[in-house]
Amino acid sequence: MTEIDNSNLRTIKNILILFAAILVIVIIKTLSGLLIPLAFALFVGILLSPVIEYLEKKGWPYSISITLITIFTLGFIFLIGLVVFDTGTQILAQKGKLLAQMEARFEVILSQVEFIPGVKELEADGFTSALNRIISKDFIMSTSGVVAGQLGTFTFNFILSAVYLVAVLGSIVKYEMYINYLEGDDQTGKERLINSFVEVKSSIVSYMKVKFFTSFCTGLFFGLLSWIFGIDFALFWGFLAFLLNFIPTVGSIAATIPPVLLGLIQIDSSGTFVLFIALLIATQFVWGNVIEPLMMGSSVALNTVTVILGLVIWGYIWGISGMLLSVPLIVMARVILAQIPDADLLVKLMGRSKLRKGK
């Protein structure tokens, strides 16, 4: 009878945990406008904490260190937005040239498949005319509204992130003091929380060091290849590859699409175009699937299935922001679950943790 009661209690407990997890996901998704800037601020704060510690050892005043780091960080984020905006303006300025190249390429492709019924009529109608019918005035108006809305959201998140970042940088280095305050006289609890924070911090910093290096090299190769093959905006495609490479799995695919599409209309030879695609794919494969795992080693210790599932789940909850933060959030979730005895199996499935329960 006791075994049956324990089984029923375990079942009820698992059901309650499932409902609690669903409720947490709903709350996180609902409050995404406030939580995404906070998550980015925490993430950036953890990354910059070694810099603050170094400046503190060199005798820099704490307030000056935080002020300078905040200004440089926000300036870098603003610079990214400026580069994207400037490139978009250049693309619009060269719209006529790009449409003419698309028209010429479209005619060549249609001439090779004109045996298909209806192709001759499409060829006579012209690519530009067909494109103008698709991109109607209503389409442009609705797209402009979406862009304006996204710009307003970005501005709000940027300001909110700046506020959060100042608060995080002002407290991230003093985490031991806050933990001592929270745990009081519980020495075991203090050690457990400190070890948890140190693991999250070291895992994220190690991951970002490797990711930054491989993403930079990938972007550098993308930019060089685009420039060598005569693709317009080569510098921007390299910069875009650098940014998107921080999104696991999906980012490398998304970074390859724009230069390939532009290469389709700007590279005359089919053989050269195939070589261009092959070199881009080889770049992504070598840096993402060979060099990065070798450099990463066991610093993060997440298996591939966990990374992909985390990418899907956080992408659903927070969109592109969730994809960017998926790996750090998974590392944090794994460390938290490592403190729960019943979650031992789940922690093992997610990947190896340096922490042991009871510490």
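Contact record, I66 with T70: O-OG1, 2.7 Å, taken as the closest heavy-atom pair. What you find for A255 and P258 is that their closest heavy atoms are O-CD, 3.7 Å. When every heavy atom of A241 is checked against every heavy atom of G219, the shortest pair comes out as CB-CA, 4.0 Å. When all heavy atoms of L160 and P37 are compared, the pair lying nearest together is CD2-CG, 3.8 Å.
Taking the six-membered ring where tryptophan is involved, the planes of F216 and F212 are essentially parallel, since the angle between them stays under 30° and well short of 60°. Under the 30°/60° scheme for interplanar angles, the aromatic rings of W314 and W318 are found to be tilted.
Linking Ile, Leu, Val, Met, Phe, Trp and Tyr residues whenever their side-chain heavy atoms come within less than 4.5 Å leaves I247 and I308 in two separate clusters. When the side chains of ILVMFWY residues are joined at heavy-atom separations under 4.5 Å, either directly or via intervening members, I267 and L275 end up in a single hydrophobic cluster. Residue I281 is grouped with residue F242 when hydrophobic side chains (ILVMFWY) are merged at heavy-atom distances under 4.5 angstrom, including chains of intermediate members. When hydrophobic clusters are built by joining Ile, Leu, Val, Met, Phe, Trp and Tyr residues whose side-chain heavy atoms come closer than 4.5 Å, directly or via intermediates, V312 is not grouped with I330.
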Next item on the list: Test F213 against M295 for side chain to side chain contact (heavy atoms under 4.5 Å, CB included), laying out the working first.
Entry: CA-CA 10 Å; F213 175 74; M295 295 181 65; 3.7 Å; yes

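Residue-environment remark: CZ (F221) stays at or below the threshold of 12 foreign heavy atoms within 6.0 Å. The neighbour count for I320 CD1, taken as heavy atoms of other residues, nucleotides or ligands under 6.0 Å away, does not exceed 12. More than 12 heavy atoms of other residues, nucleotides or ligands shown are found within 6.0 angstrom of CG on L261.
Distance alone, capped at 3.5 Å, is enough to place a donor-acceptor pair between the T256 side chain and the S252 backbone. One N or O on the side chain of K211 and one on the backbone of N245 form a donor-acceptor pair closer than 3.5 Å. At least one donor-acceptor pair closer than 3.5 Å links the side chain of Q266 to the backbone N or O of D232. A donor-acceptor distance shorter than 3.5 angstrom exists from the side chain of K29 to the backbone of Y316, with no hydrogens or angles considered.
Under the 4.5 Å side-chain criterion, counting only non-hydrogen atoms from C-beta, F43 is in contact with M208. Counting heavy atoms from C-beta outward, W237 and L262 have side chains that approach closer than 4.5 Å. Under the 4.5 Å side-chain criterion, counting only non-hydrogen atoms from C-beta, L280 is in contact with P259. Contact check for V260 versus F273: side-chain heavy atoms found under the 4.5 Å cut-off. For the pair L324 and F40, the minimum side-chain heavy-atom distance is below 4.5 Å. At least one side-chain heavy atom of F276 sits less than 4.5 Å from a side-chain heavy atom of I231.
Of the candidates L240, L244, T283, F222 forms a side-chain contact (heavy atoms from CB on, under 4.5 Å) with just one, namely T283. The side-chain contact (heavy atoms from CB on, under 4.5 Å) with V44 is formed by just one residue from the set I69, T73, V168; it is T73. Only one option out of L224, L225, I228 pairs with L279 in a side-chain contact (heavy atoms from CB on, under 4.5 Å); it is L225.
To the nearest 0.5 Å, atoms CD1 (I22) and CD1 (I27) are separated by 12.0 Å. Between I313 atom CD1 and I28 atom CD1 the span is 11.0 Å, to the nearest 0.5 Å. For the atom pair CG (L311) and OG (S326), the distance works out to 5.0 Å, reported to the nearest 0.5 Å. Taking CH2 from W60 and OG1 from T67, the interatomic distance works out to 11.0 Å, rounded to the nearest 0.5 Å. L42 contributes atom CG, which lies 9.5 Å from atom CG of L165 (distance to the nearest 0.5 angstrom). In this structure, the separation between CD1 on I317 and CE on M323 is 11.5 Å, given to the nearest 0.5 Å.
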